[in-house]
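To start, the structure itself, in structure tokens.
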Amino acid sequence: MHIHRDWRGLPASARGATVAMGNFDGVHLGHRAVIDAARAARPDAPLGVVTFEPHPREYFAALAKRDDAPFRLMNPQARANRLARHGVSQLYELPFGPVLAALTPEDFAREVLAEGLGVAHVAVGADFRFGRDRAGDAAALASLGKRLGFGVTIVPLVAHGAARASSTAIRTALAEGRPRDAERMLGHWHRIEGEVLHGAKRGRELGYPTANMAVDGLHLPKLGVYAVLVDVLTGPHRGSYRGVASLGVRPMFGENTPNLETHLFDFEGDLYGQQLSVALVDYLRPEATFDGLDALIAQMQADEAAARQILGAA
């Protein structure tokens with residue numbers, strides 16, 4: 001995958017793609033339908049995704065000096081990894097700031113899509129909005145495309161049961177400790193990805209060494225303990241593993257900054273500095289404090305047994 005962080009000055013090899021456009025937070029089933037529509041519309045063209053970084057919602061919150069709670073399901077690297085799995089070869093992470101925010105729908109279609117990216121075709125969801133003050137909708141984009149020389153496909157919203165699959169519904173499922181419901185809307189497990197950081201190394205002392213990862217800037221699923229599937233993405237231990245993870249603030253030790261601590265079953269090795277992708281499969285229990293380390297260790301052993309059974313790793 002080639003990642004481009006501007007629409008200006010692109011090489012010829014980065015132009016002429018058929019693109020899906022949107023924020024793609026989570027890359028859920030609805031997003032995948034838009035990607036598939038872009039692919040189907042012009043199978044002869046490179047497949048691309050046009051998205052924005054930072055997320056426009058983050059930009060406007062910062063502009064208004066609002067301290068909004070993190071809402072993103074994915075950091076940019078996790079999104080890129082997931083999009084690559086769906087065959088996207090050109091990712092345009094357009095820098096969302098004063099310049100893009102000020103463009104009218106017509107200016108955006110002309111300057112960014114037609115002149116900058118030279119798109120062959122654009123696919124968007126039926127609820128897509130763009131341009132200054134979100135003044136443009138999918139129908140307006142289709143009309144502009146006819147004038148500017150690119151095709152447009154408007155993709156109906158994808159339903160999940162009685163409701164549509166959406167990032168908002170996925171956030172709700174995760175916040176309520178329902179990762180399997182989130183998976184059904186995503187079409188894949190919800191994953192937290194990032195670098196393994198040095199921690200206090202208490203897990204090692206307790207017989208449960210953990211890989212510690214920050215969750216800054218991400219929507220937090222329900223705090224507690226999960227059965228997880230783990231992909232080590234880099235380094236000598238690259239591969240897939242099973243494990244148990246604690247997402248929370250470690251109340252037993254009086255800390256208050258959330259992080260993710262993952263214990264990989266039957267694993268020996270050093271993961272510091274490596275990139276991990278941790279999939280939340282089942283919620284086991286909420287965070288708790290214990291009457292001493294013996295009680296904590298006993299609970300960790302019970303968590304491991306439950307996760308092994310769920311994951312079929314016993």
Side-chain angles (χ1 to χ4, degrees), residues 26 70 72-75 77-78 81-82 174-175 177-180 182-183 186 188-253 255-288 290 293 296-314:
R72 292 183 68 149
L73 295 168
M74 286 178 157
N75 60 34
Q77 184 59 52
N81 290 343
R82 178 58 56 180
L174 292 169
R178 298 185 283 112
R180 289 186 183 271
E183 186 273 337
L186 285 164
H188 55 83
W189 296 114
H190 174 66
R191 290 178 172 271
I192 296 173
E193 299 190 9
E195 181 181 349
V196 177
L197 307 173
H198 286 275
K201 300 179 174 60
R202 296 191 189 97
R204 180 181 303 174
E205 297 170 1
L206 298 173
Y208 282 88
T210 59
N212 301 312
M213 298 161 58
V215 292
D216 301 339
L218 295 178
H219 167 79
L220 284 179
K222 187 174 183 178
L223 300 186
V225 178
Y226 290 83
V228 297
L229 297 171
V230 183
D231 288 340
V232 179
L233 303 176
T234 59
H237 302 291
R238 185 177 303 182
S240 297
Y241 304 85
R242 302 178 184 190
V244 62
S246 175
L247 176 65
V249 296
R250 294 150 289 176
M252 184 77 177
F253 301 99
E255 301 186 26
N256 57 16
T257 300
N259 79 339
L260 182 69
E261 297 180 297
T262 304
H263 172 69
L264 281 64
F265 298 152
D266 309 315
F267 175 84
E268 292 184 7
D270 186 348
L271 292 173
Y272 293 120
Q274 303 305 327
Q275 294 290 319
L276 256 63
S277 175
V278 180
L280 306 184
V281 175
D282 256 335
Y283 184 79
L284 300 181
R285 64 171 177 86
E287 285 194 295
F290 298 92
L293 293 181
L296 172 60
I297 293 170
Q299 182 60 62
M300 293 168 73
Q301 291 170 340
D303 294 338
E304 176 184 355
R308 282 184 181 271
Q309 183 175 17
I310 289 168
L311 300 170

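Everything quoted here is computed from the prediction, not taken from an experiment. Just so it is clear, the values below take in all heavy atoms, side chains as well, and ignore hydrogens, waters and symmetry mates.
- Summarising the geometry, atom CZ belonging to Phe290 is positioned 4.5 Å from atom CD belonging to Gln299; distances are rounded to the nearest 0.5 Å.
- Looking at every heavy atom in both residues, Ala279 comes nearest to Trp189 through CB-CB, 3.5 Å.
- A distance of 8.0 Å separates CD in Gln275 from CE in Met213, rounded to the nearest 0.5 Å.
- How far CG of Asp266 is from CZ of Arg308: 4.5 Å, rounded to the nearest 0.5 Å.
- Taking NZ of Lys222 as the reference point, atom CG of Leu220 lies at 13.5 Å (rounded to 0.5 Å).
- Of the listed residues (Leu233, Leu218, Leu276), just one forms a side chain to side chain contact (heavy atoms under 4.5 Å, CB included) with Glu193, and that residue is Leu233.
- At distances below 3.5 Å, at least one donor-acceptor pair connects side-chain atoms of His188 with backbone N or O atoms of Gly26.
- Between Ala245 and Leu260, the closest heavy-atom pair is CB-CD1, 3.9 Å.
- Minimum interatomic distance between Arg180 and Ile310 (heavy atoms only, all atoms of both residues): NH2-CG2, 3.9 Å.
- Summarising the geometry, atom CD1 belonging to Ile192 is positioned 9.5 Å from atom NE2 belonging to His219; distances are rounded to the nearest 0.5 Å.
- One distance of note links CG of Leu271 with CG of Leu264; it measures 6.5 Å at 0.5 Å rounding.
- Between Phe267 and Tyr241, the two ring planes are perpendicular [angle over 60°; tilted spans 30° to 60°].
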Item to check | Test side-chain contact (heavy atoms from CB on, under 4.5 Å) applied to Leu223 and Leu247, step by step | outcome: CA-CA 5 Å; Leu223 300 186; Leu247 176 65; 4.0 Å; yes
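- Pro179 and Leu174 make their closest contact through CA-CD2, 4.2 Å (heavy atoms, listed as atom of the first residue, atom of the second, distance).
- The minimum heavy-atom distance between Ala307 and Gly243, with the atom names listed, is CB-O, 4.0 Å.
- Leu284 and Ala306 get closest at one heavy-atom pair: CD2-CB, 4.4 Å.
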Checklist entry - Run the side-chain contact (heavy atoms from CB on, under 4.5 Å) check on His237 and Gln274 step by step: do they pass? => result CA-CA 9 Å; His237 302 291; Gln274 303 305 327; over 6 Å; no
Checklist entry - Where do Arg285 and Tyr226 land on the side-chain contact (heavy atoms from CB on, under 4.5 Å) test, with the steps shown first? => result CA-CA 7 Å; Arg285 64 171 177 86; Tyr226 290 83; over 6 Å; no
Next on the checklist: Could you walk me through whether Asp303 and His263 satisfy the side-chain contact (heavy atoms from CB on, under 4.5 Å) test, starting with their C-alpha distance in whole Å, then the side-chain angles of each, then the deciding distance to 0.1 Å, before giving a yes or no?
Outcome noted: CA-CA 11 Å; Asp303 294 338; His263 172 69; over 6 Å; no
